[in-house]
Number of protein chains: 2
Amino acid sequence: MVNSPFKALSHPIRRQIVERLAVGPATVGEVTSDFGVSKPAISKHLKVLEESGVLSRVVDGRNHVLSLRTETLDEATDWMVRQREIWTRLFDVVEDHLKEEQR
Amino acid sequence: MVNSPFKALSHPIRRQIVERLAVGPATVGEVTSDFGVSKPAISKHLKVLEESGVLSRVVDGRNHVLSLRTETLDEATDWMVRQREIWTRLFDVVEDHLKEEQR
DNA sequence: TGGACTGTTAACCATCTGGTGAACTATAGC
DNA sequence: GCTATAGTTCACCAGATGGTTAACAGTCCA
């Protein structure tokens, strides 16, 4: 897992691929047809998403079936939620301090 | 808001800046001293974070005080949670279908 | 076996990104 | 007013990224 999931999600096409896969697994061809970009371009995007652990691929004959890997999305989500929690807690501390001063 | 928050969070230094700001506001200098890169480099990273709405800046004399803007982090978090929810619902549908078949 | 189909790899190109040092702007404080 | 400090902007560079077309590798199927 070379790349971070944030890096993987930093490109709009890759986020659209994730949105497409969220509603169900799809082949590379199905994913490609959704965007106005060449097959090799999609192939590269898929590689980035795969290497960052956002999706997994099962080769079935000549079709590559792509599925979302939620664990990785969860990790990234948790990071953001955690930052917000720390920040929110800080606000609480400040608020408590202000109340303390008012007494 | 030109850049997406995902783009903003795609660089490790920028994520570390967010982590630093989660524990409280800081000046540019305080943020710079944490990493082994030049001031102009940090200045650019801060610009990306600011333009994507991840942080806000209040100029106080010659100091720029930086704070986290959780609304933007929330937007990005919501997107990821939503994708996971759609995906999880799909699994439920598949599971129900399998149960249906077993009868 | 040979053509059609699915997808990747290779080679190439333009643009974006992330870094640097030097110069600049503005405030602080003696 | 002068100097130190905080931070940005400028000009530049190397490498990464995202796109292309052409060629290739497997698989399917008549």
Side-chain angles (χ1 to χ4, degrees), chain A residues 1-21 23-69 72 76, chain B residues 1-21 23-69 72 76:
Chain A
M1 208 165 297
V2 176
N3 289 314
S4 121
F6 289 107
K7 185 99 184 185
L9 295 173
S10 70
H11 195 285
I13 286 190
R14 290 198 290 265
R15 286 198 297 278
Q16 283 180 249
I17 292 175
V18 168
E19 285 174 356
R20 168 65 190 80
L21 292 179
V23 302
T27 64
V28 174
E30 284 163 351
V31 162
T32 305
S33 64
D34 292 347
F35 317 101
V37 63
S38 68
K39 284 201 293 178
I42 294 290
S43 194
K44 284 186 190 180
H45 284 308
L46 292 174
K47 197 177 176 187
V48 172
L49 286 166
E50 200 178 5
E51 285 181 344
S52 73
V54 172
L55 63 81
S56 63
R57 157 189 333 232
V58 173
V59 179
D60 174 25
R62 58 185 169 178
N63 297 307
H64 296 205
V65 179
L66 312 162
S67 314
L68 225 48
R69 291 192 54 209
T72 307
Chain B
M1 210 164 294
V2 177
N3 289 316
S4 122
F6 290 106
K7 185 99 184 182
L9 296 174
S10 70
H11 195 285
I13 285 190
R14 291 198 290 266
R15 287 198 297 280
Q16 287 184 70
I17 291 175
V18 168
E19 285 174 355
R20 169 65 191 79
L21 291 179
V23 303
T27 65
V28 174
E30 284 164 349
V31 162
T32 305
S33 64
D34 291 348
F35 318 99
V37 304
S38 66
K39 284 203 293 180
I42 294 290
S43 194
K44 283 186 190 181
H45 284 309
L46 292 175
K47 197 177 177 187
V48 172
L49 287 166
E50 199 178 5
E51 285 181 345
S52 73
V54 173
L55 62 79
S56 63
R57 158 192 328 238
V58 173
V59 179
D60 175 25
R62 60 184 168 176
N63 298 308
H64 295 206
V65 180
L66 313 163
S67 314
L68 225 49
R69 290 192 52 210
T72 308

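Worth knowing before you read on, the calculation uses all heavy atoms, side chains too, and leaves out hydrogens, waters and symmetry mates. Reminder, nothing fancy here: chain letters follow the sequence lines and each chain counts from 1.
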Touch class at under 4.0 angstrom, heavy-atom based, for V37(A) against every strand present: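 Sugar-phosphate contact only.
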Can you find a side chain N or O atom of [X] that sits less than 4.0 Å from OP1 or OP2 on [N]?
X      : N       : value
S38(B) : dG19(C) : no
K7(B)  : dC16(C) : no
H64(A) : dT8(C)  : yes
H45(B) : dG18(C) : no

Polar-atom pairs under 3.5 Å, protein N or O versus N or O of nucleotides 9-15 of chain C: list them with distances, or write none.
none

Listed nucleotide nearest any side-chain atom of A41(A), set dG19(C), dG19(D), dG7(D):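 For the A41(A) side chain, the nearest candidate turns out to be dG19(D).
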Residue I13(B), side-chain atoms from C-beta onward, closest of dT8(C), dG7(D), dG19(C):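 The answer is dG19(C).
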Output the rounded distance in Å from [atom1] ([X]) to [atom2] ([N]).
X      : N       : atom1 : atom2 : answer
F6(A)  : dT17(D) : CZ    : P     : 17 Å
H11(A) : dG18(D) : NE2   : P     : 5 Å
L49(B) : dT8(D)  : CG    : P     : 12 Å

Criterion side chain to side chain contact (heavy atoms under 4.5 Å, CB included) on H11(A) and S10(B), from CA distance to verdict: CA-CA 10 Å; H11(A) 195 285; S10(B) 70; over 6 Å; no
Nucleotides 25-30 of chain D: protein proximity per nucleotide (B base, S sugar-phosphate only, - neither; heavy atom, under 4.0 Å): -BBS--
ring-ring contact (aromatic ring centres under 6.0 Å, His included) partners for H64(A), two or more places apart: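 By the ring-ring contact (aromatic ring centres under 6.0 Å, His included) rule, H64(A) matches no residue at all.
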Minimum heavy-atom distance between V31(B) and I17(B), given as atom pair plus value: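 That closest heavy-atom pairing would be CG1-CG1, 3.8 Å.
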Closest contact, heavy atoms only, F35(A) versus I13(A):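 In terms of heavy atoms, the two residues are closest at CZ-O, 4.2 Å.
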